[in-house]
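A short write-up of the structure that comes next.
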Amino acid sequence: DNKYTFFINLLFDLPVIWDDSQPTAYVNQAVMGINPQFFIDLSKEERIAVLVHEILHVAYDHVDRLLQYQETSNFEPERWQAACDYRVNWDCHEAGLTVPSWMAYFDAKYSQGSVEQIYKQLEGRLFKKDNKVKDLDPKFLDKVGNTSDKSSSPSNITRLFKAAMLTEMQKAEHTIP
């Protein structure tokens, strides 16, 4: 389906690894990790939603912004994760994807504005701190893919530009099925 072409082009620029040490899927600026059993158990629509969800975190620079804001006092990484997920899940919905009911943080109330604006809207809400890796967990960034070393991975602007250009070329050449 050609509505996914842009997302597929973004995905091709990010290495994907199978990682059964994590419960679901995660991303940093260097790699996307997916638990193989989790992925196998999903329907086709859910697999697409998970892949697009994770790649949008990279496209929107959520990881680098997390690391930047983490340096400020009173920053709540769990609230940031929730704000990012609200933004990404709504954008998946707007792109015509089926957001699985089990995906947390999907609500039209948080469908407008930037992640920073959603983060402010979520002030005062409690977000559970747990030991499970979330898809933007800063502690996990040190384990796989150091995001401070950008020399080996393209910038997000480069990724977005390449994906947009590839999509336009495929449209022009009628190579999109």
Margin query: Quick check for you: to the nearest 0.5 Å, what is the distance between Ile48 atom CD1 and Cys92 atom SG?
Written below: 11.0 Å
Check: How long is the gap from CG on Leu51 to CG on Leu14, to the nearest 0.5 Å?
Finding: 10.5 Å
Item checked: With Ser114 via side-chain contact (heavy atoms from CB on, under 4.5 Å) - residues at least two apart ->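 Partners of Ser114 by the side-chain contact (heavy atoms from CB on, under 4.5 Å) criterion, ordered by chain and then number, come out as Glu116, Gln117.
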Notebook entry, point to check: What pairs with Arg47 under salt bridge (Lys or Arg N to Asp or Glu O under 4.0 Å), at least two apart in sequence or on another chain?
Noted result: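 For Arg47 there are no salt bridge (Lys or Arg N to Asp or Glu O under 4.0 Å) partners, ignoring immediate neighbours.
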[X] to [Y] - nearest heavy-atom pair and separation:
X      : Y      : value
Cys84  : Val115 : SG-CG1, 3.7 Å
Tyr26  : Asp19  : OH-OD2, 2.8 Å
Tyr119 : Asn74  : OH-O, 4.0 Å

Checklist line | Pair Gln81, Asp85: side-chain N/O donor-acceptor within cut-off below 3.5 Å | finding: yes
Check: For Trp102, which residues count as a side-chain hydrogen bond (donor to acceptor under 3.5 Å, both in side chains) partner, sequence neighbours excluded?
Finding: Glu46
Next item on the list: Look at atom CD of Glu123 and say whether more than 12 heavy atoms of other residues, nucleotides or ligands are closer to it than 6.0 Å.
Entry: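 It does not: Glu123 CD has 12 such atoms or fewer within range.
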Margin query: Are there over 12 heavy-atom neighbours, none belonging to Gln68, within less than 6.0 Å of that residue's CD?
Written below: yes
Next item on the list: Check the angle between the aromatic planes of Trp80 and Phe75 and answer parallel, tilted or perpendicular using the 30° and 60° thresholds.
Entry: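 Answer is tilted, since the angle falls between 30° and 60°.
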Next item on the list: Assign the ring pair His53 / His57 to parallel, tilted or perpendicular, where the plane angle (0 to 90°) is split at 30° and 60°.
Entry: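 His53 and His57: perpendicular rings.
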Check: Is the backbone of Pro36 close enough, under 3.5 Å, to the side chain of Asp20 for a donor and an acceptor to pair up by distance?
Finding: no
Check: Quick check: does any side chain N or O of Arg87 sit under 3.5 Å from a backbone N or O of Tyr110, one acting as donor and the other as acceptor?
Finding: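 Not a single qualifying donor-acceptor pair exists.
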Check: Would you say Trp18 and Val27 are hydrophobically clustered, going by side-chain heavy atoms of ILVMFWY under 4.5 Å?
Finding: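 Yes, same cluster.
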